[in-house]
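Just so we're on the same page: letters track the sequence lines, and every chain starts at 1. Below, each value reflects all heavy atoms present in this structure, side chains not excepted, and no hydrogens, waters or symmetry copies. All of these numbers come straight from a predicted model, not from anything done at the bench.
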Number of protein chains: 2
Amino acid sequence: MRRLTASFWFRTLANSVISVIIVYKNCVCRGVCHGTGVRMKLMAVTLAKIAELAGVSRGTVDRALNNRGRVDPQVAERIKKIAKEHDYQPNRAGKALALAKNPIKIGVILQSASTAFMRLVLEGIDYACESLGEHGAQVLVRTIDGIDAEQELRLIDELLELGIGGLAIAPVNDPQIHDKLTRVTARIPVVTFNSDMPGCGRMCFVGQDTTASGRCCAGLMNMLLGGKGKVLVITGHPSNLSHMCRSEGFMEEIRTAFPGIELLPLEKCYDRDEIAHEIVCDTLRSHTDLSGIFVSANGQVGVCRALGELGMDDRVRVICYDITPQNVENVKNGAIDFLIGQDSFAQGTRPAQILYDYLFTGAKPKKELLLTAIEIKTRYNL
Amino acid sequence: MRRLTASFWFRTLANSVISVIIVYKNCVCRGVCHGTGVRMKLMAVTLAKIAELAGVSRGTVDRALNNRGRVDPQVAERIKKIAKEHDYQPNRAGKALALAKNPIKIGVILQSASTAFMRLVLEGIDYACESLGEHGAQVLVRTIDGIDAEQELRLIDELLELGIGGLAIAPVNDPQIHDKLTRVTARIPVVTFNSDMPGCGRMCFVGQDTTASGRCCAGLMNMLLGGKGKVLVITGHPSNLSHMCRSEGFMEEIRTAFPGIELLPLEKCYDRDEIAHEIVCDTLRSHTDLSGIFVSANGQVGVCRALGELGMDDRVRVICYDITPQNVENVKNGAIDFLIGQDSFAQGTRPAQILYDYLFTGAKPKKELLLTAIEIKTRYNL
DNA sequence: TTGAAAGCGGTACCAT
DNA sequence: ATGGTACCGCTTTCAA
């Protein structure tokens with residue numbers, strides 16, 4: 001056990017007396033001291049303290065630790081060593097306050113913003129605006145209704161001109177955007193969310209593992225059907241990779257793990273309720289023994305309506321996505337058996353937070369793919 | 001639409017030019033401005049600004065807004081009016097920094113700290129220590145192995161002497177503790193977590209709705225069994241209210257909603273794996289057609305081991321609690337079908353955060369019962 | 001290359 | 001009852 005060079009005010013359980021004791025390094029994790037029955041955040045070392053120890057001014061320490069240049073390499077070395085020994089962590093409040101003059105600016109661009117799902121994501125984004133706003137950052141949000149690469153390109157430029165230090169983007173799947181982002185990532189950190197864009201140099205992606213979530217639904221469908229029956233899979237638009245991956249994951253898992261279940265040919269509803277409605281009606285005409293429907297995209301409402309009209313809502317099991325008010329309603333009234341969530345709130349908050357942390361402290365996320373939880377909801381836990 | 005008295009620097013999408021425009025109150029929500037395609041945190045008003053507008057000093061404004069007395073009632077009134085008009089919100093960074101001299105102290109007491117589940121809660125508590133520590137607060141944590149009312153009483157006193165401004169506690173279910181907390185809540189805010197103690201004056205409770213989670217499991221069991229079969233329910237210790245409520249909720253829901261399922265008499269394993277193991281072996285001897293087991297307490301490992309030894313793990317469906325490493329392992333190898341989580345991390349972080357918010361800004365939680373999510377996990381989404 | 005000093009937004013203490 | 005001021009920890013600018 002190595003001693004820390006500093007000691008801390010600390011209270012021991014045994015004698016119940018405040019006393020200065022030595023804290024050993026091996027029981028300190030992320031700044032929290034773990035003792036028997038006792039854990040607390042340790043006293044923090046400040047810039048001024050380090051300056052004092054190094055015999056220089058605060059300004060010099062600041063320049064050294066933040067590699068701002070204009071400091072003797074030897075001195076810088078010494079300062080860094082001292083900072084490390086004392087596990088110096090800049091005080092967030094102090095830093096945030098000082099940054100109030102010219103706040104860190106973070107851009108957020110969201111496409112398809114008017115869909116029910118993205119409205120949930122926007123709640124998370126608003127929360128990030130608010131909370132990061134209180135911590136010396138400014139979050140600039142731009143939304144696009146629908147999918148429009150041209151407009152997204154314009155918004156990227158607009159935000160860059162405003163001087164953002166980082167960009168969070170739900171990218172339109174388009175080569176132009178890919179090109180653009182490749183150039184942007186050379187200058188500032190970029191986090192993709194909701195849908196990824198690998199190979200453009202983004203720092204990380206926040207969103208769901210779509211294939212895994214499709215497989216998860218296959219497992220649930222198997223349970224619902226007791227291992228046998230006919231299942232209809234409805235997906236959205238062939239160009240929407242997320243939706244396609246969900247249905248692929250679902251079908252793949254059914255085929256390999258649950259051979260007792262028969263898959264009808266994949267149908268596409270192009271995210272339209274009316275088309276989904278029609279597909280369900282048509283299918284039930286030719287397959288009166290249909291036992292399950294998996295909807296990987298939008299169109300859930302149309303599916304439920306069709307089943308309701310045909311009086312089949314308790315004979316046909318339904319699994320679909322997104323914890324929107326309409327879907328919640330349909331789970332509660334029994335039309336939907338399982339509803340799958342993808343932690344929309346986290347998809348809204350995390351990207352901005354990640355960029356903030358990176359720009360504020362230099363800390364990168366531990367993983368490149370930050371997969372949001374696959375939330376399983378029934379009428380009992382919504 | 002009422003105009004705000006202030007206007008803000010703002011960028012319009014249409015002309016792409018930075019300009020001063022009027023922001024209307026009805027599009028401002030929690031300090032975030034919602035415009036067409038644009039949302040951002042608004043410029044904040046400071047104490048100094050208000051002092052200037054009111055023609056007084058910052059000190060006076062501070063005293064007036066925080067009701068510290070020593071200020072002319074008329075002047076105080078005027079200051080408050082101005083603050084309200086400008087939607088003054090104290091800057092968190094500034095406040096946190098000023099508080100660094102004598103930080104807000106928050107006490108946390110956790111019982112049964114060495115159980116696998118509580119270890120997960122402790123991760124959340126550590127996170128709170130760390131993050132609140134960076135925001136001008138100090139979190140003092142005390143843990144108890146097992147359940148010991150006497151020790152908990154001592155720890156409450158210890159923390160009170162240390163000058164905590166709020167207490168988060170997982171209370172031992174004991175009249176002494178109830179008495180003690182009733183006295184504590186008269187002085188400082190108290191948040192209970194994991195297990196509640198109604199009637200002691202606590203500000204709120206953070207934890208699961210145990211009955212609802214039991215019902216949720218009933219719904220899942222019904223799906224697993226396709227509406228029929230014999231089910232064994234194993235609970236822990238009769239004195240543990242949470243575990244009893246889970247089994248009650250489960251059995252109640254099965255009886256009322258799923259009459260096709262037969263419930264065997266409730267068994268108790270006193271949270272011991274060996275006893276759970278024996279119960280399973282015994283039951284399978286007299287009921288070879290057993291189709292499901294619901295474990296509402298600890299003992300899950302014993303159950304899985306018994307089923308494995310008897311080669312019944314894929315004939316008998318198992319639902320149990322807590323996302324511990326051992327249970328995760330058993331879900332992955334197929335011994336457990338559904339694992340139910342109760343957001344242990346939130347149970348660790350939220351109580352301290354709630355107390356911090358209250359002591360820092362005066363904001364109380366919106367609800368008295370903050371129920372953590374009922375998380376449904378299968379081998380596909382762990 | 002280095003230091004000194006002026007903030008950032010609050011709080012607290014001391015004069016008046 | 002009120003104003004002035006030092007200070008919390010860090011950044012930034014300006015002198016030296």
Side-chain angles (χ1 to χ4, degrees), chain A residues 41 43-79 83 86-104 133-138 165 359-362, chain B residues 31 41 43-80 83 86-104 133-138 165 359-362:
Chain A
K41 177 89 181 163
M43 187 188 78
V45 185
T46 70
L47 263 194
K49 185 73 187 166
I50 293 186
E52 190 193 320
L53 290 168
V56 295
S57 74
R58 290 190 299 165
T60 306
V61 176
D62 175 55
R63 269 168 280 147
L65 294 183
N66 295 292
N67 303 309
R68 299 190 213 280
R70 297 181 305 147
V71 52
D72 185 305
Q74 303 239 335
V75 178
E77 199 55 40
R78 188 157 47 93
I79 291 173
H86 292 261
D87 189 32
Y88 169 73
Q89 300 281 85
N91 177 299
R92 293 182 91 97
K95 191 162 183 165
L97 199 49
L99 250 46
K101 290 176 196 172
N102 55 337
I104 291 174
E134 288 170 334
H135 294 299
Q138 197 175 17
L359 296 169
F360 196 83
T361 69
Chain B
K41 175 89 181 163
M43 187 187 78
V45 185
T46 70
L47 263 194
K49 185 72 186 165
I50 292 186
E52 190 193 319
L53 291 168
V56 293
S57 73
R58 287 194 299 162
T60 305
V61 175
D62 175 53
R63 268 168 282 148
L65 295 183
N66 294 291
N67 303 309
R68 298 191 216 279
R70 294 181 305 146
V71 53
D72 185 305
Q74 303 238 337
V75 178
E77 199 54 40
R78 187 158 46 94
I79 292 174
K80 286 182 179 178
H86 292 259
D87 190 31
Y88 169 72
Q89 301 280 88
N91 177 299
R92 292 181 90 98
K95 191 161 184 165
L97 199 47
L99 251 45
K101 291 176 194 172
N102 53 337
I104 291 173
E134 287 170 335
H135 293 301
Q138 197 177 18
L359 296 169
F360 197 83
T361 69

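- Across all strands shown, A:K95 has heavy atoms under 4.0 Å from sugar-phosphate atoms exclusively, and none from any base.
- B:F360 comes within 4.0 angstrom of no nucleic acid atom, judged by non-hydrogen atoms across all strands.
- A pairwise comparison of heavy atoms in A:A96 and B:A93 identifies CB-CB, 3.8 Å as the closest pair.
- Rounded to whole Å, atom C1' of D:dG3 lies 16 Å from atom CD of B:E52.
- For the pair A:N66 CG and D:dC10 C1', the computed distance is 9 Å after rounding to whole Å.
- The closest side-chain heavy-atom distance from B:Q89 to B:D87 is below 4.5 Å.
- B:I79 places its CD1 atom 13 Å from the P atom of D:dA1, with the value rounded to the nearest Å.
- Rounding to whole angstrom units, CZ of residue B:R92 and C1' of C:dG10 are separated by 14 Å.
- The side chain of A:R68 has D:dT12 as its nearest neighbour among C:dG9, D:dT12, C:dT2.
- Applying the 3.5 Å distance criterion, the base of D:dG3 shares a donor-acceptor pair with the side chain of B:R63.
- The residue B:A100 sits close only to the backbone: its heavy atoms come under 4.0 Å of sugar-phosphate atoms, none of a base.
- If you check every strand for non-hydrogen atoms under 4.0 Å, A:D62 touches a base.
- In this entry the distance linking CZ of B:R58 with P of C:dG9 reads 10 Å, nearest Å.
- Going from atom CG of B:N91 over to atom P of C:dG7 covers 18 Å, rounded to whole Å.
- D:dT11 atom P lies 10 Å from atom CD1 of A:I104, rounded to whole Å.
- Distance B:Q138 CD to D:dC8 P: 17 Å, rounded to the nearest Å.
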